[in-house]
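Note that the coordinates shown come from a computational prediction; the quantities given were computed from them, not determined experimentally.
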Amino acid sequence: QRQMCIRDSISPQYAITAAHCAPYWGTGDPIYLGQHKESERDGDGCVETMYIESIVSHESYNDWTLQNDIAVIKLTEASQFGYAPIDHLDQPGDGTWHEPGTPLVAAGWGTLSSGGSAADTAQHVVVPAVPDCWETEYGEGYDPDTMVCAGAEGVDSCQGDSGGPLFGIDSSGERTLVGVVSWGIGCAQSQYPGVYALVSPARAWIKPRPRAEAATLHKLSLIHISE
């Protein structure tokens, strides 16, 4: 299981994360928008401190199988900082980012190796899509309706990246959120790629949450929640 957690902003007052992270935070806990380096967060004028009002897990989340491992966070107020957002949520039926080997990007402050120390600086790694993940050692533990795999030997998300983004970048530079870091066995092993909550089937559940801000729901950026 991935430990610690990252959040991805989906509008000025909402964020998306992994549902298995939800029990670890509650009302009034801080998040940090725009953080790049953990050790230099205090006094960094680029970091905006926000606070959680509520966390709602997907209605079909299964904490045993980790199906539908997505949750939406509402903040107590809207962000005032204008960071460049991710451009799109993955669409149901769009196979653009799901062909074998398609390069995707995972990001977070997780460990740099299985069981290692958490990174002080935000990291990112390019990982290949693994759409036929049931053919790996995960077998029936992988649900293609609610999960997506990406990674290969030597490249993967890891412990501490939970809730962080998996996204694709098209030829124009626009980014599409494909998944949310969910679980895995170890890190960067050839038969155990990272497993991500699939965004496209959860889109219809996510979109009604910030009703007043539906027009900006497609905009995402990486934020950090304190331990």
Do [X] and [Y] make a side-chain contact, defined as non-hydrogen atoms from C-beta onward lying under 4.5 Å apart?
X: Ile70; Y: Ile16; answer: yes
X: Val127; Y: Val105; answer: no
X: Met50; Y: Ser79; answer: yes
X: Gln91; Y: Ser200; answer: no
X: Ser162; Y: Ser182; answer: no
X: His98; Y: Val178; answer: yes
X: Pro193; Y: Thr136; answer: yes
X: Thr76; Y: Tyr51; answer: yes

Quick one: pull up [atom1] in [X] and [atom2] in [Y] and give me the separation to the nearest 0.5 Å.
X: Arg175; Y: Asp170; atom1: CZ; atom2: CG; result: 10.5 Å
X: Cys149; Y: Leu198; atom1: SG; atom2: CG; result: 10.5 Å
X: Lys37; Y: Trp109; atom1: NZ; atom2: CH2; result: 13.0 Å
X: Thr111; Y: Asp161; atom1: OG1; atom2: CG; result: 7.0 Å
X: Asp120; Y: Leu112; atom1: CG; atom2: CG; result: 10.5 Å
X: Ser117; Y: Gln159; atom1: OG; atom2: CD; result: 11.0 Å

Shortest non-hydrogen contact from [X] toward [Y]:
X: Thr49; Y: Pro30; answer: CG2-CB, 4.2 Å
X: Ser157; Y: Ala106; answer: CB-CB, 4.4 Å
X: Ile55; Y: Ala71; answer: CG2-CB, 4.1 Å
X: Leu104; Y: Ala129; answer: CD1-CB, 4.0 Å
X: Asp156; Y: Ala188; answer: OD2-N, 2.8 Å

- Task: Could you please spell out the steps behind the side chain to side chain contact (heavy atoms under 4.5 Å, CB included) verdict for Tyr196 and Val180?
- Result: CA-CA 5 Å; Tyr196 301 77; Val180 175; 5.8 Å; no

- State, without any angle test, whether Gln67 and Thr65 hold a side-chain donor-acceptor pair at a distance under 3.5 Å.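 A pair is found: one side chain offers a donor N or O, the other an acceptor, under 3.5 Å apart.
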
- Message: Between Ser60 and Asn68, is there a side-chain donor-acceptor contact under 3.5 Å, judged purely by atom types and distance?
- Response: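 Side-chain D/A pair, Asn68 to Ser60: absent.
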
- Item | Parallel, tilted or perpendicular: ring planes of Tyr138 versus Tyr192, cut at 30 and 60 degrees |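 Tyr138 and Tyr192: perpendicular rings.
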
- Would you please indicate if the ring centroids of Tyr142 and Trp183 are separated by under 6.0 Å?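 So the answer is no for these two rings.
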
- Task: Please indicate whether Glu153 has more than 12 foreign heavy atoms, meaning atoms of other residues, nucleotides or ligands, lying under 6.0 Å from its CD.
- Result: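 No, CD of Glu153 has 12 or fewer neighbouring heavy atoms, counting only those of other groups under 6.0 Å.
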
Please confirm whether the backbone N or O of [Y] pairs with a side-chain atom of [X], one donor and one acceptor, at under 3.5 Å?
X: Gln189; Y: Ile185; result: yes
X: Asp69; Y: His20; result: yes
X: Glu48; Y: Gln80; result: yes

- Task: Step by step, work out the side chain to side chain contact (heavy atoms under 4.5 Å, CB included) result for Val126 and Val155.
- Result: CA-CA 7 Å; Val126 178; Val155 288; over 6 Å; no

- Message: side chain to side chain contact (heavy atoms under 4.5 Å, CB included) for Phe167 and Val199? Distances and angles first, verdict last.
- Response: CA-CA 10 Å; Phe167 58 93; Val199 167; over 6 Å; no

- Query: Going only through I, L, V, M, F, W and Y residues with side-chain contacts under 4.5 Å, is there a path from Val130 to Met147?
  - Reply: no

- Query: Do Tyr24 and Leu75 belong to the same hydrophobic cluster, where Ile, Leu, Val, Met, Phe, Trp and Tyr are linked whenever their side-chain heavy atoms lie under 4.5 Å apart, directly or via other members?
  - Reply: yes

- May I have the step-by-step check of side chain to side chain contact (heavy atoms under 4.5 Å, CB included) for Trp205 and Val72, ending in yes or no? CA-CA 10 Å; Trp205 175 82; Val72 171; 3.6 Å; yes

- Message: Using the rule side-chain contact (heavy atoms from CB on, under 4.5 Å), only one of Ile73, Ile31, Thr17, Ile52 pairs with Trp25; which is it?
- Response: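 Answer after filtering Ile73, Ile31, Thr17, Ile52: Ile52.
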
